[in-house]
Amino acid sequence: MIVRKLSKIRDSDRNVKSDGWESARMLLKDDGMGFSFHITTLYAGAELHMHYQNHLESVMVLKGTGTIEDLATGEVHRLAPGVMYALNEHDRHIVRCETNILTACVFNPPVTGDEVHDENGAYPADPQVPAEPEFST
């Protein structure tokens with residue numbers, strides 16, 4: 001059984017800060033759960049361009065308001081407490097924060113710990129996860 005306290009994670013190297021956000025990584029790859037679990041704060045005024053090419057993510061908004069834009073369709077969805085979104089197709093998106101937004105997030109495959117967004121808005125692929133095989137037709 002794994003039991004962790006958010007306040008202790010916030011005071012450790014598992015609390016990662018970057019431009020526009022801060023993420024307390026409650027579960028990571030080395031915990032062996034097959035996913036990672038994060039409590040993330042997106043800061044008021046931030047406009048975050050993201051494209052998780054190597055991960056699937058599900059996000060539950062706990063506090064705060066803003067919007068998420070699906071860049072493939074142009075659809076804009078309201079973010080508020082109780083709203084969940086899942087990036088099930090490695091969706092390119094923009095989150096715009098009106099207030100600080102507190103979220104609970106799950107990543108698959110799990111992140112290893114210190115990842116921040118690269119120039120494409122993605123976390124890097126875990127080098128220990130084998131790439132899916134390419135099949136020729």
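Reckoned from all heavy atoms, side chains included, excluding hydrogens, waters and symmetry mates.
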- For Glu69, all residues meeting salt bridge (Lys or Arg N to Asp or Glu O under 4.0 Å), sequence neighbours excluded: Arg96
- Return the minimal non-hydrogen interatomic distance between Pro110 and His55, and the atom names on each side. O-NE2, 4.3 Å
- Message: side chain to side chain contact (heavy atoms under 4.5 Å, CB included) for Thr40 and Leu42? Distances and angles first, verdict last.
- Response: CA-CA 6 Å; Thr40 299; Leu42 310 172; 3.9 Å; yes
- Task: Compare every heavy atom of Asp91 with every heavy atom of Asn88, then report the nearest pair and how far apart it is.
- Result: N-OD2, 3.3 Å
- Between His90 (side chain) and His51 (backbone), is there a donor-acceptor pair under 3.5 Å? no
- Note on the structure: Between Pro81 and Gly64, the two heavy atoms sitting closest are CD-O, 3.3 Å
- Item | Check against side chain to side chain contact (heavy atoms under 4.5 Å, CB included), Tyr43 and Asp19 | CA-CA 9 Å; Tyr43 298 130; Asp19 293 334; over 6 Å; no
- Message: Tell me whether Leu56 shares a hydrophobic cluster with Leu87, the cluster being built from Ile, Leu, Val, Met, Phe, Trp, Tyr side chains joined at under 4.5 Å.
- Response: no
- Message: Apply side chain to side chain contact (heavy atoms under 4.5 Å, CB included) to residues Glu57 and Cys105 and explain how you reach the verdict.
- Response: CA-CA 7 Å; Glu57 181 191 27; Cys105 312; 3.7 Å; yes
- Under 4.5 Å side-chain linkage, directly or through intermediates, the cluster mates of Met26: Ile2, Leu6, Ile9, Leu27, Met33, Phe35, Phe37, Ile39, Met60, Leu62, Met84, Leu102, Val106
- Message: Show, in sequence, the C-alpha distance, side-chain angles and deciding distance for Arg78 and Thr65, and conclude whether the side chain to side chain contact (heavy atoms under 4.5 Å, CB included) test is met.
- Response: CA-CA 8 Å; Arg78 186 97 182 114; Thr65 60; 3.7 Å; yes
- Note on the structure: Smallest heavy-atom separation, Val95 atom then His93 atom, equals CG2-CD2, 3.9 Å
- Message: Between His49 (side chain only) and Ile94 (backbone N and O only), is there a donor and an acceptor less than 3.5 Å apart?
- Response: no
- Message: Nearest 0.5 Å, please: how far is CD in Glu47 from SG in Cys97?
- Response: 9.5 Å
- Query: So Phe107 and His38, would you call those rings parallel, tilted or perpendicular, with 30° and 60° as cut-offs?
  - Reply: tilted
- Any donor-acceptor pair under 3.5 Å linking the side chain of Asn15 with the backbone of Ser12? no
- With salt bridge (charged side-chain N to carboxylate O under 4.0 Å, His left out) as the test, would you mind laying out the steps for Asp30 and Arg14 before giving the verdict? CA-CA 12 Å; Asp30 64 3; Arg14 285 177 168 248; 3.6 Å; yes
- Query: Say you draw a straight line from OG1 of Thr103 to CH2 of Trp21; how long is it, rounded to the nearest 0.5 Å?
  - Reply: 10.5 Å
- Task: Measure the spacing between CE of Met50 and CD1 of Ile68 and express it to the nearest 0.5 Å.
- Result: 6.5 Å
- Message: For a 4.5 angstrom cut-off between non-hydrogen side-chain atoms, does Leu28 reach Thr112?
- Response: no
